[in-house]
Engineer: 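After the structure tokens below, expect a handful of questions from me.
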Amino acid sequence: MTEKLVIRGVELWKSWLDEAAQARLLAALRPVLQAAPAFSPETPWGRRMSVRMTSAGRYGWYSDRRGYRYVTRHPSGNPWPPIPAEALSIWKSVTGLAREPDCCLINWYGEGARMGMHQDRDEADFSWPVLSVSLGDDALFRVGSVTRGGRTESVWLKSGDVAVIGGAARLVYHGIDRIRFGSSRLLPEGGRINLTLRVVE
Ligand code: MD6
Ligand code: FE
């Protein structure tokens, strides 16, 4: 059973996916990760991110010395694979939107990986929400406000949880402080996968 929480404007649907649905989604991601292997993007400041990433869809998120942006190809030169139907159906049922997302960013967290506080603002139109799906190990998710600094609230995201950043909260700062490596048995090697579905154009 799902339960809805709202944390500083971010809607959190706890246990949106049951264990069988989590396993089906993970299985659908395997061919995507094979076609478009995850890599550690370089930040504009020249550091490697601790999270490994890849994408599915017409656009993928990318970063290097030139900045954050969406690109139409994986670093291999191939177009990104299509977004799995299992992910599109979560978008449809949670947001109710007829418009499909252009990008499914796949973040993979190994032991010690984290993600600093950031806004998702590389998309053209902030009236569309960003939806995130968590798989695998628990992650400590921190949510602030639309300006950097100030009060924040934290919540543990668990496998099967879905979060929606939209409306007045679309540009809130958020990040992952740490994961509890090995807390879930969904990924055989441990770690966490986070999907974020975005309308880019
Ligand atoms: C993560 N999530 O859960 C990082 N962004 O690993 C995000 O950065 C995020 O959860 C936009 C919308 C929802 C999110
Ligand atoms: Fe984000």
Side-chain angles (χ1 to χ4, degrees), residues 4-17 22 25-26 29 33 38 40-41 43 49-57 59-63 68-70 83 87 90-91 94-95 97 101-148 152-181 183-184 186-187 190-200:
K4 185 188 172 186
L5 305 176
V6 180
I7 293 108
R8 300 186 69 81
V10 176
E11 286 181 5
L12 176 56
W13 298 92
K14 299 294 295 174
S15 307
W16 181 270
L17 301 177
Q22 292 168 39
L25 177 58
L26 181 62
L29 293 173
L33 288 159
S40 300
T43 67
M49 299 181 76
S50 58
V51 177
R52 291 161 62 86
M53 299 184 180
T54 191
S55 294
Y59 289 99
W61 189 83
Y62 191 71
S63 175
Y68 299 152
R69 61 197 180 276
Y70 285 96
I83 301 176
I90 300 169
W91 169 272
V94 176
T95 69
L97 293 168
D102 302 312
C103 171
C104 175
L105 173 63
I106 303 168
N107 291 155
W108 184 79
Y109 296 72
E111 193 163 13
R114 55 183 301 281
M115 187 175 296
M117 294 293 278
H118 67 277
Q119 291 172 299
D120 284 50
R121 56 177 313 147
D122 304 313
E123 302 75 28
D125 182 349
F126 302 138
S127 63
W128 299 108
V130 177
L131 179 149
S132 104
V133 184
S134 293
L135 292 173
D137 289 342
D138 305 347
L140 189 57
F141 183 58
R142 181 190 292 271
V143 187
S145 63
V146 295
T147 54
R148 196 177 265 291
T152 65
E153 231 178 288
S154 295
V155 64
W156 284 96
L157 295 180
K158 296 193 167 248
S159 197
D161 291 352
V162 169
V164 181
I165 291 192
R170 177 62 179 75
L171 291 174
V172 292
Y173 277 86
H174 57 279
I176 297 290
D177 287 346
R178 60 194 161 91
I179 70 165
R180 272 199 288 239
F181 189 78
S183 52
S184 159
L186 185 71
L187 307 187
R192 169 174 186 261
I193 291 176
N194 172 259
L195 307 183
T196 43
L197 294 158
R198 300 124 185 279
V199 172
V200 172

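Order of appearance sets the numbers: ligands from 1, and atoms from 1 within every ligand.
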Engineer: Closest N/O/S atom of Asp120 to the Fe ion (ligand 2), by atom name?
Structural biologist: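 Considering only N, O and S atoms, Asp120 comes nearest to the Fe ion (ligand 2) through OD1.
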
Engineer: With the Fe ion (ligand 2) at the center, what angle do NE2 from His174 and NE2 from His118 span, rounded to 10 degrees?
Structural biologist: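 So the angle at the metal works out to 90°.
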
Engineer: Test your reading of the structure: does Ser132 have an N or O sitting under 3.5 Å from an N or O of ligand 1?
Structural biologist: yes

Engineer: Give a yes-or-no answer on whether the side chains of Arg192 and Ser134 include a donor-acceptor pair shorter than 3.5 Å.
Structural biologist: yes

Engineer: Going by distance only, is there an N or O of Ser134 that falls short of 3.5 Å from an N or O of ligand 1?
Structural biologist: no

Engineer: Is the shortest N/O to N/O distance between Arg198 and ligand 1 below 3.5 Å?
Structural biologist: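 No; every N/O pair is 3.5 Å or more apart.
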
Engineer: So do Leu187 and Ile193 actually touch side chain to side chain, heavy atoms under 4.5 Å?
Structural biologist: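 Ile193 vs Leu187: side chains touch.
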
Engineer: Provide the number and element of each atom of ligand 1 under 4.0 Å from a heavy atom of Tyr109.
Structural biologist: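 In order of number, 1 (C), 4 (C), 6 (O).
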
Engineer: Considering both backbone and side-chain atoms of His174, is one of its nitrogen or oxygen atoms within less than 3.5 Å of a nitrogen or oxygen in ligand 1?
Structural biologist: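 Yes; at least one N/O pair falls below 3.5 Å.
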
Engineer: What atoms in ligand 1 come closer than 4.0 Å to a heavy atom of Ile176?
Structural biologist: 1 (C), 3 (O), 4 (C), 6 (O)

Engineer: Could you tell me which atoms of ligand 1, counted from 1 in the order shown, lie closer than 4.0 angstrom to a heavy atom of Phe141?
Structural biologist: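 Listed by number with element: 10 (O).
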
Engineer: Show the numbers, then the answer: is there a salt bridge (charged side-chain N to carboxylate O under 4.0 Å, His left out) between Asp138 and Lys158?
Structural biologist: CA-CA 5 Å; Asp138 305 347; Lys158 296 193 167 248; 3.3 Å; yes

Engineer: Which of the numbered atoms in ligand 1 are under 4.0 angstrom from any heavy atom belonging to Asp120?
Structural biologist: 5 (N), 11 (C)

